[in-house]
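Note sheet for the following structure.
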Amino acid sequence: MSTPRLRFAPSPTGYLHIGGARTALFNWLWARRTGGRFILRIEDTDRERSTQAAVDAIFDAMRWLGLDWDEGPDVGGPHGPYFQTQRLEIYRSYADKLRQAGKAYACYCSREELDAGRKQAEAQKRQYRYPGTCREKPYDPSRPHVLRFRMPETGATTFDDLVKGPITTPHDTLQDEVILRGDGMPLYNFGALVDDVQMGVTLVARGDDHVNNTARQILMYQGLGETLPVFAHLPMILGADKTRLSKRHGATSVTAYRDMGYLPGAVVNYLVRLGWSHGDQEIFTLAELTRLFDFADVGDTAGVFNPDKMLWVNHEWLRALSDEELARQALPFFRAAGLPAEDDAKLRHVVRMARERAKTFAEIAQQFRYCYAPAELDPKAAAKFLTPETRPLLQAVRDGLAALPAPDAQSLEKLFQEVATARALGLGKVAQPVRVALTGGTASPGIYDVVLILGRAESLARLDGALARIG
RNA sequence: GGCCCCAUCGUCUAGAGGCCUAGGACGCGGGCCUUUCAAGCCUGCAACACGGGUUCGAAUCCCGUUGGGGUCACCA
């Protein structure tokens, strides 16, 4: 059996979408699992909507996710070029082959004529199909024309989908489809197929929305006398309202999740679990996935994208990072928030505390802002904890801290205990006002850690500030 | 509307005729721990769309209904 060859063929009309990323991922996973090849091809034949910026954005997102390609733009390969617009002669030659074999023919109908026909059909509530006007006309390359594939009118085509099982399409639902436009651009069904043939693709895994294209493509493979690849149609990703996932449902671009402080592994983990499962396991490393993934285990029902669960998965990944790695990766998010963090012991201490409390890098930077900027006092917290009643407590802690030349966890604990027991109070009565004075709010890591992170001088300053505020 | 596909907790899913009084996870509720917040631990709520078959036995197989999604271009 020959080496499996898979591909991802996005059209560069925008950023890499969550759904596209999952399609790419499943293809990549299978290629890696089987020792096959993963090909990236850019389907840019829609000149109106394709942009270089989108091409760059797609590369960027794929690389971030860790989906590397063996053949494709910028790495090359034996079946290039990998941009469809650079492959026009190839489509032309395959189309000629079809035309010469009588499997395709030139159609000289104008768009106006075609539109009129469609309108009429609609008015009569009839199903429109191209009437075959030019089916028997002789080939005249001097006249403007498109090329149409001659579809069989009777019978049906059945193929065995790797995830959905057998799917049958009656031929009378098909029409003589345009395969080459007037300007020589191939249409999707033809371009993709020619590329798949010429690039030796053995397994086509793509979105569910392509099932209806498959019979037409199979007919064209047969017209060309080429062997068929295996098809796998992946269920769609839906939004919470069960309609196709779109911007209305929140962030759908892969890079948006990078910018929000998600880990690529976590995004991959979540995406793969949306439609694929392996028993009760939820968290998978990339290495595990390239060992376990199988199209046979992909479910055949559409899945609702659940941001909460993705957040949870990200948290699981975040927590597994070492302090060093966590600090290194969190740093840019502190910087982006305008905070003067450095990749140092302090940051490592911060992230060690943040690990259990924040689910993304962006959350870490936002939640621990006070470690690098003046505390933003929450008025409600201040009203409750920075009062004349708590003043003596704050003063006692302040003085005790001032008397500690080099505070550490032990000495701080001793200090707080003494302040509390001297007044027959619980530790919480002391810790909470101090917490508000130091962080501005009522929620934070353990108070000793907060003092240690801020340092003795800064802690004293904030305590003094709170004291002054109470008056 | 035609055609195609699909149908287990709110969501992702396990389930290949008896292991199902339907399991796990997210989320949600309660409790424990505790200097707050998290985390952790314990615990609760919550599903086989409906109707017919087949079978000794059906979430699992078949048919229908309903519901959802996809697709019907010189877009991809």
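Chain naming here is simple, since letters A, B, ... match the order of the sequence lines and numbering starts at 1 in each.
Within the 4.0 angstrom heavy-atom criterion, base atoms lie near A/Asn213. Across all strands shown, A/Ser11 has heavy atoms under 4.0 Å from sugar-phosphate atoms exclusively, and none from any base. At a threshold of 4.0 angstrom between heavy atoms, the contacts of A/Gly275 are confined to the sugar-phosphate backbone, with no base atom among them. Here A/Arg129 lies out of heavy-atom contact (under 4.0 Å) with every strand. Contact annotation for A/Tyr270: no contact, since no heavy-atom pair falls under 4.0 Å across all strands. Residue A/His233 is out of contact with every strand shown, counting any heavy-atom pair closer than 4.0 Å. In this structure, A/Ser444 reaches the bases: a heavy-atom distance under 4.0 Å links it to at least one base atom across the strands shown. Residue A/Pro235 is out of contact with every strand shown, counting any heavy-atom pair closer than 4.0 Å. If you check every strand for non-hydrogen atoms under 4.0 Å, A/Glu43 touches sugar and phosphate atoms only. In this structure, A/Ile447 reaches the bases: a heavy-atom distance under 4.0 Å links it to at least one base atom across the strands shown. Using a 4.0 Å heavy-atom cutoff across all strands shown, A/Glu177 reaches no nucleic acid atom at all. A/Gly182 comes within 4.0 angstrom of a base, heavy atoms only. Residue A/Thr13 is classed as having no contact, given no heavy-atom separation below 4.0 Å to the nucleic acid. Across all strands, A/Val178 comes closer than 4.0 Å only to sugar-phosphate atoms, never to a base (heavy-atom distances).
The side-chain hydrogen bond (donor to acceptor under 3.5 Å, both in side chains) check on A/Ser93 picks up nothing, with sequence neighbours excluded. Residues passing the salt bridge (charged side-chain N to carboxylate O under 4.0 Å, His left out) test with A/Arg148, sequence neighbours excluded: none. Looking at residues two or more places apart in sequence or on another chain, you find no ring-ring contact (aromatic ring centres under 6.0 Å, His included) involving A/Phe83. Remark: A/Asp172 pairs with no residue by the side-chain hydrogen bond (donor to acceptor under 3.5 Å, both in side chains) rule, at least two apart or across chains. Residues forming a ring-ring contact (aromatic ring centres under 6.0 Å, His included) with A/Phe385 (at least two apart in sequence, or on another chain): none. Taking the ring-ring contact (aromatic ring centres under 6.0 Å, His included) definition, one finds that A/Tyr128 meets it with nothing, sequence neighbours left out. Every residue was checked against the ring-ring contact (aromatic ring centres under 6.0 Å, His included) condition with A/Tyr105, not counting sequence neighbours, and none meets it.
When the P atom is used for both B/rA7 and B/rA46, the distance is 25 Å, rounded to whole Å. The same atom, P, is picked in B/rA39 and in B/rG30; the two are 15 Å apart, to the nearest Å. Using atom P as the reference point in both B/rA38 and B/rG31, the two lie 14 Å apart (nearest Å). Spacing of C1' atoms, B/rU8 relative to B/rG23, comes out at 11 Å, to the nearest Å. For B/rA47 and B/rA25, the C1' atoms lie 15 Å apart once the distance is rounded to whole Å. Taking atom P in both B/rU11 and B/rA58, one finds a spacing of 27 Å when rounded to whole Å. Taking atom C1' on both nucleotides, B/rC48 is separated from B/rA14 by 13 Å, rounded to a whole Å. B/rC6 and B/rA49 are spaced 15 Å apart, taking the P atom of each and rounding to whole Å.
If you find the closest nucleotide of RNA chain B to A/Gln175 and to A/Gly426, the one lying nearer the 5' end belongs to A/Gly426. For the pair A/Ser277 and A/Ala9, both in contact range of RNA chain B, the more 5′-proximal nearest nucleotide belongs to A/Ser277.
Pair assignment for B/rA39: none, as no Watson-Crick or G-U wobble contacts are both less than 3.5 Å. Nucleotide B/rA47 forms a pair with no other nucleotide shown, judged by Watson-Crick or G-U wobble geometry with both contacts under 3.5 Å. Under the Watson-Crick or G-U wobble criterion, with both distances below 3.5 Å, B/rG2 is paired with B/rU71. For B/rU21, there is no paired nucleotide, since no Watson-Crick or G-U wobble pair has both relevant distances below 3.5 Å. In this structure, B/rU66 and B/rA7 make a Watson-Crick or G-U wobble pair, each of the two defining distances being under 3.5 angstrom.
Identified under the ring pair (Phe, Tyr, Trp, His ring centres under 6.0 Å) test for residues 413-452 of chain A, with sequence neighbours left out: A/Phe416-A/Tyr448. Within the structure, every pair that satisfies the side-chain hydrogen bond (donor to acceptor under 3.5 Å, both in side chains) test and touches residues 360-372 of chain A, not counting sequence neighbours, is listed here: A/Arg369-A/Glu376.
Remark: A/Arg7 does not engage A/Asp195 in a salt bridge, criterion side-chain N to carboxylate O under 4.0 Å. Contact check on A/Asp378 versus A/Lys380 returns no salt bridge, with no Lys/Arg side-chain nitrogen under 4.0 Å from an Asp/Glu carboxylate oxygen.
Using a 4.0 Å cut-off on heavy atoms, the residues of residues 310-323 of chain A that approach RNA chain B are A/Trp312, A/Arg319, listed by number. Taking a 4.0 Å limit (strictly below) on heavy-atom distances, residues 352-360 of chain A reaches RNA chain B at A/Glu356, A/Arg357, A/Lys359.
Residues A/Leu234 and A/Phe295 have side chains in contact (heavy-atom distance under 4.5 Å, counting atoms from C-beta outward). Between A/Tyr91 and A/Leu187 there is no side-chain heavy-atom pair separated by less than 4.5 Å.
A cation-pi arrangement is present between A/Arg99 and A/Tyr139, with the terminal nitrogen or guanidinium carbon under 6.0 Å from the aromatic centre and inside a 45° cone about the axis.
Using a 4.0 Å cutoff to heavy atoms of chain A, the contacted part of RNA chain B runs 5' to 3' from B/rG1 to B/rA76.
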